[in-house]
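Everything below concerns the one structure shown next.
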Number of protein chains: 2
Amino acid sequence: MDPRDPPPTLTSIDSYLLSLTGKAGRNRIADRLAARGLRLWHMAVLAALADFGPHAQRDLCARLGVDPSDMAKVIDQLADGGHIARTRDDADRRRVLIDLTGPGRELLAELTRAAADVDRQLLAGLTAAERTRLHALLLKVFTTVRSIPD
Amino acid sequence: MDPRDPPPTLTSIDSYLLSLTGKAGRNRIADRLAARGLRLWHMAVLAALADFGPHAQRDLCARLGVDPSDMAKVIDQLADGGHIARTRDDADRRRVLIDLTGPGRELLAELTRAAADVDRQLLAGLTAAERTRLHALLLKVFTTVRSIPD
DNA sequence: ACCTATAGTGGGTCTGCACCCACTATTTTT
DNA sequence: AAAAATAGTGGGTGCAGACCCACTATAGGT
């Protein structure tokens with residue numbers, strides 16, 4: 001018996017398996033981001049802008065579930081790197097409109113590739129069909145998670 | 001369009017879905033543990049002892065991948081609560097043998113029930129057959145994760 | 001104009017996790 | 001018997017995440 005086997009009592013818990021595999025994925029992606037001086041929220045912001053177009057900063061917070069104060073810092077760094085553009089909304093000068101720049105789009109593409117790479121590593125043990133099924137199941141779980149309160 | 005929809009660029013990444021759903025599960029289980037003054041490692045230790053029998057403290061560290069220094073603190077708290085018994089190994093008096101006590105076994109059963117509860121919440125959107133398939137897939141991914149270096 | 005509400009910023013806290021080093025007690029090696 | 005290795009402990013560090021409050025600037029309601 002391998003003295004490094006994990007306890008079956010734990011591995012029979014789906015939440016535990018999700019948590020561990022999720023952490024593995026998260027850490028790997030975080031590493032790739034860290035190599036570029038970024039963290040997960042930076043990528044999330046870029047993705048939100050790419051998928052849904054320009055946002056007021058506040059709307060980004062609502063969409064991603066981030067504290068406005070934390071978002072300000074993330075936005076700051078992305079702006080410093082030239083990956084997003086920040087402009088005052090002339091209709092409501094309290095608002096700051098955030099948009100992707102060309103370099104930002106490029107960066108996101110790069111990060112997306114890195115993430116796909118991590119997926120490939122993580123799911124190396126699955127056939128293509130299994131990956132498809134896993135993805136569908138995870139989407140369902142994700143929907144459930146989003147719908148139930150904390 | 002729901003202004004709270006997550007970016008598809010993110011939800012198409014399996015590692016991201018694993019990470020989010022895993023975090024949801026983790027947090028919920030952590031909450032239940034916190035209500036009893038415990039954290040995840042406490043449960044992991046109890047599970048390892050229940051599944052594999054008594055361990056030297058060092059072997060628990062190896063099995064669970066915890067720093068020996070951190071393990072010492074976890075062990076300390078479990079011993080304080082009367083959930084494990086700590087005895088010096090007479091054959092090698094450097095070693096401390098850790099074993100589950102009756103109350104420890106009870107506590108683990110309780111925690112396992114709580115975890116199953118969380119699973120039920122998280123996977124509420126899946127049919128029984130889907131849950132079975134998800135579990136099998138997660139086990140495979142878990143095996144892969146364990147086999148590849150960090 | 002006045003009062004209230006909202007957008008964003010800057011500064012800080014607290015928590016959990018992971019890690020690391022120095023130290024004591026004990027055992028093994030030579 | 002001395003030296004090197006091992007088990008466990010205590011006391012730290014650094015980081016990331018989530019949160020919170022005070023503040024400025026602007027807008028909207030009356």
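The sequence lines fix the lettering, A, B, ..., with proteins before strands; numbering per chain opens at 1.
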Task: A:Ile98 CD1 to C:dG8 C1', straight-line distance once rounded to whole Å - done: 10 Å
Task: Rounded distance (Å) that lies between atom C1' of C:dA5 and atom CZ of A:Arg58 - done: 11 Å
- [ ] Answer yes or no: does a side-chain N or O of A:Arg86 lie under 4.0 Å from OP1 or OP2 of C:dT9?
- [x] yes
TODO: Would you mind reading off the distance between B:Met71 atom CE and C:dA18 atom P, rounded to a whole angstrom?
DONE: 12 Å
Task: Residues that B:Arg93 engages under side chain to side chain donor-acceptor pair (under 3.5 Å), provided they are two or more places apart - done: none
Open item on the list: If the condition is side chain to side chain donor-acceptor pair (under 3.5 Å), which residues does B:Ser69 pass it with, not counting sequence neighbours?
Closed with: B:Lys73
Task: Reported CG-to-CE distance for the pair B:Leu78 and B:Met71, which is rounded to 0.5 angstrom - done: 9.0 Å
TODO: Nearest whole angstrom, please: distance from the P of C:dG10 to the CD1 of A:Ile75.
DONE: 13 Å
Task: Heavy-atom protein contacts under 4.0 Å, nucleotides 15-30 of chain D, coded B base, S sugar-phosphate only, - none - done: --SBBB-----BS---
- [ ] For the residue pair B:His83 and B:Arg105, establish whether any side-chain heavy-atom pair is separated by less than 4.5 Å.
- [x] no
TODO: Could you state the atom-to-atom distance from CD of B:Gln77 to P of D:dT9 in whole Å?
DONE: 12 Å
Task: Pairwise distance CD1(A:Ile98) to CZ(A:Arg86) - rounded to 0.5 angstrom - done: 6.5 Å
Task: Distance, rounded to the nearest Å, where B:Ile84 contributes CD1 and D:dG8 contributes P - done: 12 Å
Task: B:Asp2/B:Arg4 salt bridge by N-O under 4.0 Å criterion - done: no
Task: Atom-pair distance (CG on A:Asp31; P on C:dA18), nearest Å - done: 13 Å
